[in-house]
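The figures that follow rest on heavy atoms only: side chains count, while hydrogens, waters and symmetry mates do not. None of these values were measured; they are calculated from a predicted model.
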Amino acid sequence: MQYRPLAHTAVSAIGLGAMPLSIEHRPDETRAIATVHAALDAGVTLVDTADSYHWHADEAGHNELLIARALARYGGDTSHVLVATKGGRGRPGDGSWTVTAAPAHLKRAAEASAKRLGVDAIGLYQLHKPDPTVPWAESVGALRELLDAGTIRAAGISNVTTVQIRQAHQILGDGLVSVQNQYSPAVRDSEPELRLSEQLGLAFLPWSPLGGISRSSLDGPSGHTSVGTAFHRVAADRGVSPQQIALAWLLARSPAMIPVPGASRPATITDSAGAVELTLDTQELAELEDVLPS
């Protein structure tokens with residue numbers, strides 16, 4: 001496994017996006033825990049979760065509790081694993097997502113997440129999405145208070161613009177360590193946010209990093225997946241999966257990039273982790289510059 005800097009440590013260059021283990025169409029717990037264990041076996045040391053990764057209205061924190069159980073049941077050392085969680089979104093149980101980033105809510109949510117994860121302080125706590133009803137500085141200010149209180153060790157922000165990144169950096173300083181925006185072969189709108197993250201020394205954690213190659217858990221059964229793309233052609237030449245090529249392409253785009261692909265079965269995350277072993281050459285990278293339909 002290769003490692004990249006995040007927060008006050010280094011983590012695996014490929015993380016595990018744990019959302020598919022708890023939302024609609026989720027696997028049973030035996031397979032879910034086996035998936036987390038397969039990630040750890042492959043050298044993955046970053047697990048991305050959120051209090052809103054659940055299916056039914058009455059099970060907030062389902063994914064955090066699942067991750068805590070999986071780590072507790074793992075036969076090896078997990079002290080080096082960074083669990084990154086998020087707050088500020090909710091799921092009322094009808095398939096929709098809500099946004100609530102009022103300071104009081106975020107502070108309560110972080111305390112509840114720490115309890116579910118069984119930690120004194122959350123390694124990385126991310127504001128899941130800006131709330132249009134709350135001034136951005138107030139939401140970020142709640143992260144500052146959580147840092148000062150020792151509830152969280154590092155802060156991240158998600159689904160943000162360059163302006164919001166700069167504002168958060170002014171408020172949080174070195175406490176801000178990551179940005180998590182959508183970025184994939186099919187969706188490259190966050191290129192400015194990626195480059196600003198590089199400039200500020202922040203890790204960039206692309207969510208849905210396989211967009212256009214694999215259907216996201218957010219897409220549902222009708223989600224679009226491209227076939228016959230340059231990613232598929234390069235994968236065929238290399239004898240690996242298109243998903244591995246997509247992740248290797250992401251890693252090559254920036255030293256700040258740490259993809260967190262979702263997985264709901266052991267074989268999927270094992271394959272994803274193998275992307276760190278691929279080095280794409282100049283010709284392959286040029287071929288992969290073609291933008292897929294979003």
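Once rounded to the nearest 0.5 Å, the distance linking CZ of Phe231 with CD1 of Ile245 reads 9.0 Å. For the atom pair CG of Leu147 and CG of Leu176, the computed distance is 9.0 Å after rounding to the nearest 0.5 Å. Annotation: the span from Thr98 atom OG1 to Asp131 atom CG amounts to 9.5 Å, rounded to 0.5 Å. In this structure, Leu285 CG and Gln283 CD are separated by 10.5 Å, a value rounded to the nearest 0.5 Å. Taking CZ of Arg144 as the start and CD1 of Ile171 as the end, the distance is 10.0 Å to the nearest 0.5 Å.
No side-chain heavy atom of Ser158 sits under 4.5 Å from any side-chain heavy atom of Val179. Between Val36 and Leu21 the shortest side-chain heavy-atom distance falls below 4.5 Å. Looking at heavy atoms from C-beta onward, Gln126 lies in side-chain contact with Ser178 at the 4.5 angstrom threshold. Side-chain contact between Thr133 and Thr100 is absent, with no heavy-atom pair separated by less than 4.5 Å. Using a 4.5 Å heavy-atom threshold, the side chains of Ile157 and Trp136 count as touching. With contacts defined as side-chain heavy-atom distances shorter than 4.5 Å, the pair Ser139/Pro135 does not qualify. Contact of the Met257 side chain with the Pro206 side chain is registered, since non-hydrogen atoms from C-beta on lie closer than 4.5 Å. Contact of the Ile269 side chain with the Ser272 side chain is registered, since non-hydrogen atoms from C-beta on lie closer than 4.5 Å.
Pairs passing the salt bridge (Lys or Arg N to Asp or Glu O under 4.0 Å) check and including a residue from residues 95-111, sequence neighbours excluded, read Lys107-Glu145. Residue pairs that meet the salt bridge (Lys or Arg N to Asp or Glu O under 4.0 Å) test with at least one member in residues 231-245, sequence neighbours left out, are Arg233-Glu287, Arg238-Glu284. Applying the salt bridge (Lys or Arg N to Asp or Glu O under 4.0 Å) test to pairs two or more places apart or on separate chains, those with a residue in residues 115-127 are Glu64-Arg116. Screening residues 31-49 for salt bridge (Lys or Arg N to Asp or Glu O under 4.0 Å), with sequence neighbours left out, gives Asp48-Lys86.
The two residues Pro259 and Ala13 come nearest to each other via the heavy atoms CD-O, 3.2 Å. Between Asp51 and Ala109, the shortest heavy-atom contact is OD2-CB, 3.7 Å. Considering all non-hydrogen atoms of both residues, Ala168 and Val140 come closest at CA-CG1, 3.9 Å. The shortest non-hydrogen separation linking Ala263 to Leu16 is CB-CD1, 3.9 Å. Pairing each heavy atom of Pro185 with each of Ala246, the nearest pair is CG-CB, 3.9 Å. In plain terms, the two heavy atoms of Gly15 and Pro261 that are nearest each other are O-CD, 3.3 Å.
Put simply, the side chain of Arg89 never gets that close to the backbone of Val99: no donor and acceptor are under 3.5 Å apart. Side-chain N or O atoms of Thr78 include none that pairs as donor or acceptor with a backbone N or O of Val81 at under 3.5 Å. Distance alone, capped at 3.5 Å, places no donor-acceptor pair between the Ser208 side chain and the Gln182 backbone. The closest donor-acceptor contact from the side chain of Gln164 to the backbone of Thr161 lies under 3.5 Å. Checked by atom type and distance alone, the side chain of Thr45 pairs as donor or acceptor with a backbone atom of Ser12 at under 3.5 Å. Side-chain atoms of Ser190 never come within 3.5 Å of backbone atoms of Glu193 as a donor-acceptor pair (strictly under, hydrogens ignored). Proximity of a side-chain donor or acceptor of Gln2 to a complementary backbone N or O of Val276 within less than 3.5 Å is detected.
In this structure, Ser197 has no side-chain hydrogen bond (donor to acceptor under 3.5 Å, both in side chains) partners at least two apart in sequence or on a different chain. Not counting sequence neighbours, Arg4 has no partner by the side-chain hydrogen bond (donor to acceptor under 3.5 Å, both in side chains) test. Remark: Ser264 engages no residue in a side-chain hydrogen bond (donor to acceptor under 3.5 Å, both in side chains) (not counting sequence neighbours). Annotation: ring pair (Phe, Tyr, Trp, His ring centres under 6.0 Å) contacts of Tyr74 (sequence neighbours excluded): His37. A search for side chain to side chain contact (heavy atoms under 4.5 Å, CB included) contacts involving Gln199 returns Arg166, Leu196, not counting sequence neighbours. Arg195 meets the side-chain hydrogen bond (donor to acceptor under 3.5 Å, both in side chains) test with Glu191, Glu198; sequence neighbours excluded.
Both Leu280 and Leu194 are part of a single hydrophobic cluster, where members link through side-chain heavy atoms under 4.5 Å apart. Placement of Leu66 and Trp55 in two distinct hydrophobic clusters is found when ILVMFWY residues are connected by side-chain heavy-atom separations under 4.5 Å, directly or transitively. At a threshold of 4.5 Å between side-chain heavy atoms, the hydrophobic network of Ile, Leu, Val, Met, Phe, Trp and Tyr places Leu65 and Val83 in two separate groups. Both Leu247 and Leu278 sit in one connected hydrophobic cluster of ILVMFWY residues. Membership requires side-chain heavy atoms under 4.5 Å apart, directly or through other members.
If you chain together ILVMFWY residues whose side-chain heavy atoms come under 4.5 Å of each other, Val134 ends up in a group of its own. Through direct or relayed side-chain contacts under 4.5 Å between Ile, Leu, Val, Met, Phe, Trp and Tyr, Leu6 connects to Val11, Leu46, Leu82, Leu124, Val177, Leu205, Ile258, Val260.
Between the side chains of Arg153 and Tyr125, no donor N or O sits under 3.5 Å from an acceptor N or O. No hydrogens or angles considered: a donor-acceptor pair under 3.5 Å links the side chains of Trp207 and Asn159. Counting only N and O atoms by type, the side chains of Gln244 and Asp271 include a donor and acceptor under 3.5 Å apart.
With Trp97 as the aromatic partner, Arg91 meets the cation-pi criteria of under 6.0 angstrom to the ring centre and within 45 degrees of the ring axis.
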| request: Give the intermediate values and the outcome of side-chain contact (heavy atoms from CB on, under 4.5 Å) for residues Leu210 and Ser184. | output: CA-CA 6 Å; Leu210 298 176; Ser184 69; over 6 Å; no
Worked verdict on Tyr183 versus Asn181 for side-chain contact (heavy atoms from CB on, under 4.5 Å): CA-CA 6 Å; Tyr183 194 103; Asn181 277 16; 5.8 Å; no
TODO: Apply side-chain contact (heavy atoms from CB on, under 4.5 Å) to the pair Ile23 and His54, showing each step before the final yes or no.
DONE: CA-CA 5 Å; Ile23 65 166; His54 60 91; over 6 Å; no
Step-by-step side-chain contact (heavy atoms from CB on, under 4.5 Å) determination, Phe204 to Arg253: CA-CA 11 Å; Phe204 188 89; Arg253 290 193 76 76; over 6 Å; no
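A side chain to side chain donor-acceptor pair (under 3.5 Å) with Ser22 holds for exactly one of Glu59, His62, Glu29; it is His62.
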